[in-house]
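Worth saying up front: this structure is predicted, and the values here are computed from it rather than measured. Sequence lines set the chain letters: A, B, ... in the order given, protein chains first and strands last, and positions in each chain run from 1.
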Amino acid sequence: MEKNVVNHKSYLDELNDIQRKAVVSGSGPKMVIAGPGSGKTRVLTYRIAYLIQQGIPPHRILALTFTNKAAREMKDRIERVVGAAAKRVIAGTFHSVFARFLRYDAHLIGYPNDFTIYDTDDTKSVVRGIIKKLGLEPKVYQVSAIRSRISMAKSNLITPKLYAANTDLINQDRMNRRPMLQNIYGLYTQELMRAGAMDFDDLLLQMFRLLYENYDNVREKYQEKFDYVLVDEFQDTNYLQYQIIKQFIDYDHSPHNINIVGDDAQSIYSFRGATIENILKFEQDYPQVETFKLEQNYRSTNFIVQAANDVISYNKNQIQKKIWTSEEQGEKIKIEKCISDTEEGRKVASLIIEQKNRHHLKNSEIAILYRTNAQSRTLEEHLRRNNIPYKIFGGLSFYQRKEVKDLVAYLRLTVNYKDNEAMKRVINYPKRGLGNTTVQKIIDIADANEISMWEAVGMVKLSKRAENALLGFGKMIQDFTKRSETQDAYTLASYIAKKSGILDLLQQDNTPEGVSRVENITSLLNGIQEFIDLDEVVEGQDLDAISNKSLAAYLQNITLLTDQDQSDVDDVDHITLMSVHAAKGLEYPSVFVVGMEENLFPSYLSVSDPRQLDEERRLFYVAITRAEKYLTLTYANSRYHYGQVRYNDVSRFLEEIGGDNVDSIISSSNTTAGFGAARSRLSGNFKSLREVKVPELKIDPAQFKPSPNDQIAPGQKVLHLKFGEGEVLAVDGATDNKIATIRFDQVDNPERRIMLRFAKLQILD
DNA sequence: GGGGGCTATGGGGGG
DNA sequence: CATAGCCCCC
């Protein structure tokens with residue numbers, strides 16, 4: 001990640017020959033094959049900036065990235081070259097961009113525009129319900145296996161009908177003793193439809209259907225909408241994603257302005273349907289494609305680059321390329337042997353302290369990467385003990401906590417009555433006398449009539465008591481919905497937290513856990529406030545989309561957060577812990593890869609399949625190429641797994657690194673456990689950074705008195721809670737949708753477009 | 001209908 | 001080791 005502010009005229013000078021050629025190339029299909037650290041993001045960013053300078057309107061450029069964070073950072077950098085217009089580029093993940101499109105057009109294919117997005121837990125619950133309903137053996141019909149099979153089918157455009165007609169699939173299911181899988185898939189699809197819900201795959205599949213079925217000529221609308229489509233990390237797209245992109249760009253007289261960027265050696269998502277075939281297919285589908293290979297690495301020192309080459313050379317199938325660097329040799333890679341996972345944690349902590357002292361590293365320059373999220377626990381313990389602040393990305397997220405899910409379920413039901421998973425979650429929480437029997441009755445009626453539970457409520461015969469309880473519940477939800485028409489999401493969510501009884505219930509619990517649950521509810525509410533406070537105009541062309549601060553928009557937003565998307569507003573300098581998968585695209589001066597053992601990395605689930613083993617190796621390749629200067633690899637002879645000690649051999653991958661690039665292997669006998677001992681006294685009140693943080697305000701909110709927004713006029717000096725002091729340059733837009741252009745001198749991109757509908761600005765003097 | 005405790009079972013990676 | 005589903009008892 002470059003830190004320099006880009007000079008408006010000379011950004012092309014920052015590129016090497018091949019990068020520049022890729023950036024300034026003309027129209028038509030382009031492919032950039034980019035090794036790690038080869039300036040891929042830079043090329044993508046400047047390509048877009050260049051297109052805008054060539055006169056392509058920014059809102060006619062669609063950029064699909066791997067995380068929302070990557071999209072944001074890209075826009076920021078484009079902005080430094082071409083100015084605020086960059087904000088209008090349509091950029092985000094496949095899922096979030098298509099979800100946004102579907103919020104306009106889902107009604108054309110039978111969904112409510114305010115559809116719910118079912119997360120993994122919701123879909124598991126749906127599958128579980130179907131298995132129960134069909135009376136199938138749960139041990140044979142395993143929820144996770146079925147879910148991934150349905151997902152695989154969807155990602156390959158296989159509908160339930162096509163599935164049932166596909167003899168290969170049917171035979172596979174028969175062999176696995178799961179002949180009813182096709183029926184489950186069919187029922188699953190129906191149930192989501194009934195609930196007005198889409199799962200993650202539907203955001204792609206229904207987008208495809210929308211374009212393919214082409215009601216109201218919606219396909220032409222999208223084809224006309226974009227001049228350029230750019231796709232990052234193309235090696236990790238699946239068949240369905242590729243087919244959607246093709247719908248956008250394949251039509252009569254299309255210039256086929258598609259630019260893809262990727263690296264086959266970093267393909268690590270085949271488990272969710274990603275296929276390298278897409279790159280090969282791309283060259284066939286667009287024979288006129290112009291290809292650029294970026295092989296010079298600007299990230300890492302030579303020992304690290306060579307180690308990466310050593311490792312990846314063990315994979316037979318790959319597009320030939322060799323990354324190289326003109327950087328110094330640097331420090332050799334350190335390999336640390338540990339007796340146990342506990343010792344590994346201790347050692348990593350003390351090595352971090354040592355490294356920080358020796359190389360003057362900040363915490364933020366250090367990352368610990370692991371193969372499985374479960375490995376974070378031991379590490380956390382030792383970091384805490386040594387008073388090293390850390391933050392964990394991924395794993396169990398804030399939004400998966402019970403109390404958060406409960407409140408979110410109320411919000412979901414308020415937006416979409418048909419959301420059965422939300423309904424089941426809160427119909428009797430807090431307790432209101434609607435037990436299993438009543439709920440089951442409602443489910444049965446709903447199933448029999450193929451309607452949602454909400455719609456079935458009126459048709460169920462119940463005891464007087466249950467009926468009254470149900471009536472009260474229904475009235476309450478309807479009241480919430482009514483309020484949603486006038487109140488903003490924060491006010492409404494706070495009201496719901498109180499009125500539903502959730503807050504009261506949690507506040508009765510005075511144990512530390514209970515207190516933290518209340519805190520989490522508060523954090524959630526703060527998050528909603530933050531969401532609606534984002535008053536900045538982000539995209540230009542669809543004012544409706546931007547100004548949508550509805551609950552529905554908020555809910556969609558939180559469901560589609562990626563692991564890298566958690567807020568980096570943070571006052572504490574912290575090290576980073578995450579899975580190797582989550583580290584994709586990131587870089588750190590110092591990287592620790594822990595758990596380098598057989599059956600862990602590579603995973604025991606992959607060791608017997610050569611193709612999966614190759615993917616594990618690519619994953620390791622990704623891991624080591626995250627490091628700029630210092631790379632430390634650790635392994636432990638013994639490790640707890642399921643609460644039992646397991647003994648593992650050292651990972652084969654370590655042996656694949658040429659000895660020239662590795663420092664002597666340090667034995668575990670004389671460890672230095674005492675580094676952090678003196679500091680541990682301080683660690684008592686150290687707080688884990690897992691919690692979502694409320695951003696630090698530059699201004700004391702108590703001193704802040706917002707002025708009425710209709711008084712905002714050009715020339716005024718104003719105060720903004722997040723951006724500080726600024727000068728109003730202009731006010732434009734319709735009466736009820738005014739936008740102020742304000743220059744804030746204390747922030748990076750000083751000129752901001754602020755929507756007065758949501759803005760809180762204090763006029764100074 | 002509600003609550004508590006027990007047991008079995010899962011844990012690879014993620015939008 | 002952690003959790004969720006399930007069974008049993010009030």
Side-chain angles (χ1 to χ4, degrees), chain A residues 64-68 92-99 117-125 128-129 131-132 138-139 142-145 147-148 151 154-155 198-205 233 236-238 240-241 267-274 341 369-378 393-397 399-400 402 428-441 462-463 465-466 469 556-565 578-584 595 599-607 612 615-616 618-620 622-623 639-646:
Chain A
L64 297 164
T65 56
F66 205 69
T67 66
N68 297 307
T93 64
F94 278 84
H95 290 87
S96 65
V97 168
F98 295 163
I117 300 171
Y118 272 8
D119 67 13
T120 308
D121 288 342
D122 295 318
T123 60
K124 275 186 180 163
S125 161
R128 206 174 287 122
I131 290 164
K132 211 168 168 183
K139 286 199 185 72
Q142 285 179 328
V143 173
S144 55
R147 234 185 51 85
S148 77
S151 172
K154 287 182 162 182
S155 309
M198 297 195 197
D199 63 16
F200 290 126
D201 298 311
D202 279 327
L203 296 175
L204 310 175
L205 182 62
E233 308 283 8
D236 285 323
T237 55
N238 63 32
L240 174 53
Q241 285 167 321
S267 162
I268 54 173
Y269 280 100
S270 74
F271 70 90
R272 66 180 203 214
D341 48 352
L369 310 182
Y370 33 74
R371 178 64 182 84
T372 67
N373 283 310
Q375 287 165 256
S376 70
R377 188 168 285 269
T378 328
F393 285 76
L396 195 98
S397 91
Y399 298 100
Q400 286 173 323
K402 186 192 174 305
N428 197 33
Y429 179 83
K431 298 264 180 296
R432 53 177 68 86
L434 295 167
N436 291 334
T437 325
T438 309
V439 173
Q440 197 52 54
K441 273 186 199 165
L462 296 169
S463 68
R465 221 174 60 180
Q556 184 176 295
N557 207 288
I558 59 169
T559 318
L560 296 177
L561 291 177
T562 68
D563 268 356
Q564 287 183 16
D565 289 334
M578 62 174 106
S579 70
V580 182
H581 280 91
K584 184 185 171 83
N599 298 316
L600 183 60
F601 200 175
S603 158
Y604 68 105
L605 292 159
S606 300
V607 286
Q612 287 194 54
E615 177 148 322
E616 295 280 324
R618 291 192 294 270
L619 188 59
F620 184 51
V622 169
R639 179 179 299 278
Y640 274 92
H641 187 241
Y642 286 162
Q644 272 184 334
V645 183
R646 290 290 173 86

Report task. Mind calculating the distance between CD (Gln400(A)) and C1' (dA2(C)) to the nearest angstrom? Result -> 15 Å
Query raised in the report: Which heavy atom of Leu434(A) sits nearest a heavy atom of Ala466(A), and at what distance?
Result: CD2-O, 3.5 Å
Query raised in the report: Which part of the nucleic acid does Thr67(A) contact within heavy-atom distance under 4.0 Å: base, sugar-phosphate only, or nothing?
Result: nothing
Requested in this report: Go through the side-chain N and O atoms of Asp199(A) and Thr123(A) and say whether any donor and acceptor fall under 3.5 Å apart.
Outcome: no
Requested in this report: Using atom CZ of Arg465(A) as one end and atom P of dG1(B) as the other, report the distance to the nearest whole Å.
Outcome: 8 Å
Query raised in the report: With pairs taken as Watson-Crick or G-U wobble and both distances under 3.5 angstrom, which stems of at least three consecutive pairs involve DNA chain B?
Result: B:1-10 with C:1-10
Requested in this report: Tell me what Lys139(A) touches on the nucleic acid: a base, only sugar-phosphate, or nothing, going by heavy atoms under 4.0 Å.
Outcome: sugar-phosphate
Requested in this report: Using atom CG of Leu600(A) as one end and atom P of dG12(B) as the other, report the distance to the nearest whole Å.
Outcome: 11 Å
Requested in this report: Looking at every strand, decide which applies to Ser144(A) at a 4.0 Å heavy-atom threshold: base, sugar-phosphate, or nothing.
Outcome: nothing
Report task. Under the side chain to side chain donor-acceptor pair (under 3.5 Å) rule, collect the residues that match up with Thr237(A), sequence neighbours excluded. Result -> Asn278(A)
Query raised in the report: Given atom NZ of Lys124(A) and atom C1' of dG5(C), what is their separation to the nearest angstrom?
Result: 14 Å
Requested in this report: Report the residue (His641(A) or Gly433(A)) whose heavy-atom-nearest nucleotide on DNA chain B is the more 5′ of the two.
Outcome: Gly433(A)
Query raised in the report: Given dG10(B), is OP1 or OP2 found less than 4.0 Å from the side-chain N or O atoms of Gln142(A)?
Result: yes
Query raised in the report: Which nucleotide in the set dG13(B), dG15(B), dG12(B) lies at the smallest distance from any side-chain heavy atom of Thr93(A)?
Result: dG15(B)
Requested in this report: Report yes or no: is the ring centroid of Phe94(A) under 5.5 Å from the six-membered base ring centroid of dG15(B), with the two planes under 30 degrees?
Outcome: no
Report task. Work out which heavy atom in Arg371(A) is nearest to a heavy atom in Leu619(A); give both atom names and the distance. Result -> NE-CD2, 3.5 Å
Query - 5' priority, DNA chain B, between Gln375(A) and Ser96(A) [closest heavy atom] - result: Gln375(A)
